[in-house]
Amino acid sequence: MKIAVVGTGYVGLVTGTCLAETGNQVICVDINEQKVKMMQAGQLPIYEPGLEVLFNRNINESRLLFTTNLAEAIAEAKIIFLALPTPPGGDGSADLSYVLGAAKDIAGLITDYKVIVTKSTVPVGTADKVTAVLKANTTVEFAVVSNPEFLREGVAVDDFMKPDRVVVGTMDERARKLMGELYGPYVRQGNPIIFMDERSAELTKYAANSFLATKISFMNEVANLCELVGADVDMVRRGIGSDDRIGKRFLFSGIGYGGSCFPKDVQALEKSAAENKYNFKILNAVMDVNQIQKKVLVEKMRGYYKEGLKGKKFAMWGLAFKPDTDDIREAPALYIIEELLKDGATVVAFDPEGMPNVKKLLGDKITYAENRYDALNGADALLVVTEWPVFRTPDFDFMKEKLKAPVIFDGRNLYDLERMKEYGFYYNSIGRKVIG
């Protein structure tokens, strides 16, 4: 099948590449000429495990093409995916200008029936708005489909190729048949393609992300209580996670959620509720808890260094909002750095993938280390901020030689408490007793 994908961010590029992998002919279109030339040359603009192999294979076999020409991209496409940014506006609502602008452009170009799919995360009612824009600018037949993505950065390729479920919102029988044909190869093991109306599909994505964000925030609240009553949040997590009604995932306490999805999706769903005169109390609490939790590590540091943080040097392991990505959007690390710099401290950071993006944002406000151990040289303490696998089993004896003092503030609970005690570290984590 011939497919066009408008937008080549995380979602668009993974979608286009994975659709090409099952034999479809895919043209990805983007207005950024430099980015398009880079992709045409076989260079990925993002870091995503497993994507490079598929990307290069499908370029080499001419199933995956890139262009800045929208007309060229959609001319023969049966299905057009809109994978465009929907950033939060000043009031928290999703900005649909990119999506609606693309719909208007497409309307002026199509000459035969097309299925136009909103892959971007959009508020309830967006399919209606896209339909209205198209109807106002073309008399050609079309169908608008809502097909939200459920891709986790770091495992996005696996999520697309082997999805838990595919959600398709359409009441158009012709579009339903085409979408079923397109996604058939990805659900051969029996995972469902769930067809529903467009508004339900749009709400499904916001509801899913908001629920997961709620689980994270709930466990962070439990962790904070554990510290006050002398309980261990890891034991509590294991105790409740074995209940099938609760499940084991998204129960790890830490320093809050970040990234491109959870923060804006929770905010957008709350805004959508408010617009319909509904007070979504839980989501307001989730956002409040998360903002506080992002800075909880700094509060622990302020409590430990009674004389203040001015003049202190801190090593930071991790900048990306999660491991296996270079995405720093809404990353807790950025909030922690802001607080430390405000208190007069200096920061030396290491992240396997996130440093170039942070450098673009912060420049020389912090220092960037060549490797994890170089970051420790003469530092007063280590902060563990992102749970990259490379940070899980370090040489603790070597770390003690590098650090000015054996002090670790761990925002991801990577290390065993008894082991930290044996090595002689002061070790302060989340929801567990302090060692040292």
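From a predicted model like this one, the values you see are computed outputs, not experimental measurements.
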Go through the steps to decide whether Glu153 and Ser260 satisfy the test side chain to side chain donor-acceptor pair (under 3.5 Å), and finish with yes or no.
-> CA-CA 9 Å; Glu153 290 182 35; Ser260 62; 3.3 Å; yes
Could you give me the CA-CA distance, side-chain angles and deciding distance for Glu330 and Tyr257, then say whether side chain to side chain donor-acceptor pair (under 3.5 Å) is met?
-> CA-CA 8 Å; Glu330 289 296 315; Tyr257 58 78; over 6 Å; no
Full working for salt bridge (charged side-chain N to carboxylate O under 4.0 Å, His left out) between Asp234 and Arg237 | CA-CA 5 Å; Asp234 284 344; Arg237 171 179 57 78; 3.7 Å; yes
After noting the C-alpha distance and the side-chain angles of Glu418 and Lys421, does the key distance pass the salt bridge (charged side-chain N to carboxylate O under 4.0 Å, His left out) rule?
-> CA-CA 5 Å; Glu418 288 304 313; Lys421 187 175 182 180; 5.0 Å; no
Tell me, with the steps shown, if Arg199 and Asp128 meet salt bridge (charged side-chain N to carboxylate O under 4.0 Å, His left out).
-> CA-CA 9 Å; Arg199 286 180 170 245; Asp128 295 339; 2.9 Å; yes
Given the rule in the side chain to side chain contact (heavy atoms under 4.5 Å, CB included) test, do Lys433 and Asp232 qualify, once you have shown the distances and angles that lead to the verdict?
-> CA-CA 7 Å; Lys433 69 179 180 180; Asp232 188 321; over 6 Å; no
Candidate pair Asp380 and Lys313, rule salt bridge (charged side-chain N to carboxylate O under 4.0 Å, His left out), full reasoning = CA-CA 5 Å; Asp380 290 280; Lys313 176 183 177 182; over 6 Å; no
Could you go step by step and tell me if Val233 and Glu227 meet the side chain to side chain contact (heavy atoms under 4.5 Å, CB included) rule?
-> CA-CA 8 Å; Val233 72; Glu227 293 182 12; over 6 Å; no
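Met171 CE: 12 or fewer foreign heavy atoms inside a 6.0 Å radius. Atom NZ of Lys365 has 12 or fewer neighbouring heavy atoms from other residues, nucleotides or ligands inside a 6.0 Å radius. Remark: Glu52 CD is loosely packed, at most 12 non-hydrogen atoms of other residues, nucleotides or ligands lying under 6.0 Å away. By the neighbour-count criterion of 12 heavy atoms within 6.0 Å, atom NZ of Lys215 is densely surrounded, having more than that number from other residues, nucleotides or ligands. Counting non-hydrogen atoms of other residues, nucleotides and ligands closer than 6.0 Å to CD of Glu370 gives a total of 12 or fewer. Taking a 6.0 Å sphere around CG of Asp364, one finds it holds 12 or fewer heavy atoms contributed by other residues, nucleotides or ligands. Within 6.0 Å of CZ on Phe252 lie no more than 12 heavy atoms contributed by other residues, nucleotides or ligands. Within 6.0 Å of the CG atom in Leu44, the count of heavy atoms belonging to other residues, nucleotides or ligands exceeds 12.
Partner of Phe81 under the side-chain contact (heavy atoms from CB on, under 4.5 Å) criterion, chosen from Val115, Leu19, Val6, Ile116: Leu19. Each of Phe425, Phe396, Trp317 was scored for a ring-ring contact (aromatic ring centres under 6.0 Å, His included) with Tyr415, with one residue passing: Phe396. For the salt bridge (Lys or Arg N to Asp or Glu O under 4.0 Å) with Asp343, the qualifying choice from Lys295, Arg302, Lys310, Lys312 is Arg302, the only one to do so.
Remark: aromatic rings of Tyr373 and Phe398 are close, center separation under 6.0 Å. For an aromatic pair to be called close, the ring centres must be under 6.0 Å apart, and Tyr304 with Tyr426 satisfies this. Here the two rings, on Phe55 and Phe66, have centers that are under 6.0 Å apart.
Taking the centre and axis of the six-membered ring of Phe150, the NZ or CZ atom of Arg165 falls inside the cone set by 45° and 6.0 Å. Annotation: cation-pi pair Arg176/Phe195 present, NZ/CZ under 6.0 Å from the ring centroid and within 45° of its normal.
Taken to the nearest 0.5 Å, the CG atom of Leu319 stands 11.5 Å off from the CG atom of Asp326. Atoms CG and CD1, on Leu65 and Ile59 in that order, are 8.5 Å from each other to the nearest 0.5 Å.
Checked by atom type and distance alone, the side chain of Asp243 never pairs as donor or acceptor with a backbone atom of Ile240 at under 3.5 Å.
Looking only at atom types and distance, the side chain of Tyr186 has a donor-acceptor partner in the side chain of Thr22 under 3.5 Å away. Side-chain N/O atoms of Asp197 and Ser200 include a donor and acceptor closer than 3.5 Å. No hydrogens or angles considered: nothing links the side chains of Thr67 and Gln40 as a donor-acceptor pair under 3.5 Å. Judged by distance alone, the side chains of Ser93 and Lys271 never bring a donor and an acceptor atom under 3.5 Å apart. Looking at Asn58 and Arg63, their side chains do bring a donor and an acceptor atom within 3.5 Å of each other. Donor-acceptor pairing under 3.5 Å is recorded for the side chains of Thr8 and Lys35. Between the side chains of Asn413 and Glu387, no donor-acceptor pair is found at a separation under 3.5 Å. Side-chain atoms of Tyr183 and Asn147 include a donor-acceptor pair closer than 3.5 Å.
Between Ala102 and Leu82, the shortest heavy-atom contact is CB-CD2, 4.3 Å. Here the shortest heavy-atom pairing between Glu149 and Cys261 reads OE2-SG, 4.4 Å. Across every non-hydrogen atom of Met287 and Gln267, the tightest pair is SD-CA, 3.8 Å.
A 4.5 Å side-chain heavy-atom check between Ile106 and Ile80 finds at least one atom pair inside the cut-off.
Applying the ring pair (Phe, Tyr, Trp, His ring centres under 6.0 Å) criterion to Tyr427, with sequence neighbours excluded, gives no partner residue. Looking at residues two or more places apart in sequence or on another chain, you find a side-chain contact (heavy atoms from CB on, under 4.5 Å) between Leu96 and Thr86, Leu100, Val122, Pro123, Thr126, Lys129.
The aromatic rings of Phe262 and Phe250 lie tilted to each other, with the angle between the two planes from 30° to 60°.
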